[in-house]
Amino acid sequence: MKTLVKAIVLSISTALVAIPAMAAPQDHHQYSKSHAQQQHHAPQHHQLNKHPAQQHKQGYKKVDPSRDWRVGQKVPNQYQSKIYKVDHSKYKRLNKPGRNQQWIKVNGDYILMNVVNDKVIKIIAA
């Protein structure tokens with residue numbers, strides 16, 4: 001009788017230990033599948049030679065500043081680089097920025113921002 005109880009306990013404990021081990025390959029397969037999909041969308045070698053502005057934008061969700069941003073809102077850090085800065089004198093629609101102000105261009109929209117506190121002052125939709 002003692003041997004029968006030991007055999008049952010051993011069987012149950014083995015089964016409990018084996019269940020997670022059997023489930024692991026499914027999880028790994030799902031991980032591999034999602035990992036493969038991510039690699040499929042990864043930048044190709046020929047894309048690495050693109051203009052820095054295009055490389056910089058690739059990692060971020062495309063925004064529509066005229067829809068997604070409001071006056072007084074902080075400009076996200078990724079758009080505060082020199083890549084997005086615009087010379088107002090090349091565009092008739094843009095007035096001269098005041099002290100501590102800078103025009104930037106994001107996805108065709110022009111944003112006048114305060115460079116001290118990074119807040120949006122004005123948005124001109126393209």
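Note that these values count all heavy atoms, side chains included, but never hydrogens, waters or copies made by symmetry.
- In this structure, the side chains of D109 and D64 come closer than 4.5 Å at one or more pairs of heavy atoms.
- For N100, the side-chain hydrogen bond (donor to acceptor under 3.5 Å, both in side chains) criterion is met by no residue, not counting sequence neighbours.
- Between the side chain of Q102 and the main chain of D87, no donor-acceptor pair closer than 3.5 Å is present.
- Residues H88 and K96 approach most closely at CD2-CA, 3.5 Å, considering heavy atoms.
- Partners of T3 according to the side-chain hydrogen bond (donor to acceptor under 3.5 Å, both in side chains) rule, which considers only residues two or more places apart in sequence or in another chain, do not exist here.
- In this structure, the side chain to side chain contact (heavy atoms under 4.5 Å, CB included) partners of I8, at least two apart in sequence or on a different chain, are L4, I12.
- Between R70 and Q73, the shortest heavy-atom contact is N-OE1, 2.8 Å.
- The aromatic rings of Y91 and Y110 sit tilted, their planes meeting at an angle between 30° and 60°.
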What donor-acceptor contacts under 3.5 angstrom involve side-chain atoms of residues 112-126, with partners at least two apart or in another chain?
| unit_1 | atom_1 | unit_2 | atom_2 | d |
| --- | --- | --- | --- | --- |
| N114 | OD1 | V116 | N | 2.7 |
| N114 | OD1 | N117 | N | 3.4 |
| N117 | OD1 | K119 | N | 3.1 |

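- Remark: W69 pairs with Y79 by the ring-ring contact (aromatic ring centres under 6.0 Å, His included) rule, at least two apart or across chains.
- Counting non-hydrogen atoms of neighbouring residues, nucleotides and ligands closer than 6.0 angstrom, the CZ atom of R93 exceeds 12 such neighbours.
- A continuous path of hydrophobic side-chain contacts links V75 to V63 [ILVMFWY only; heavy atoms under 4.5 Å].
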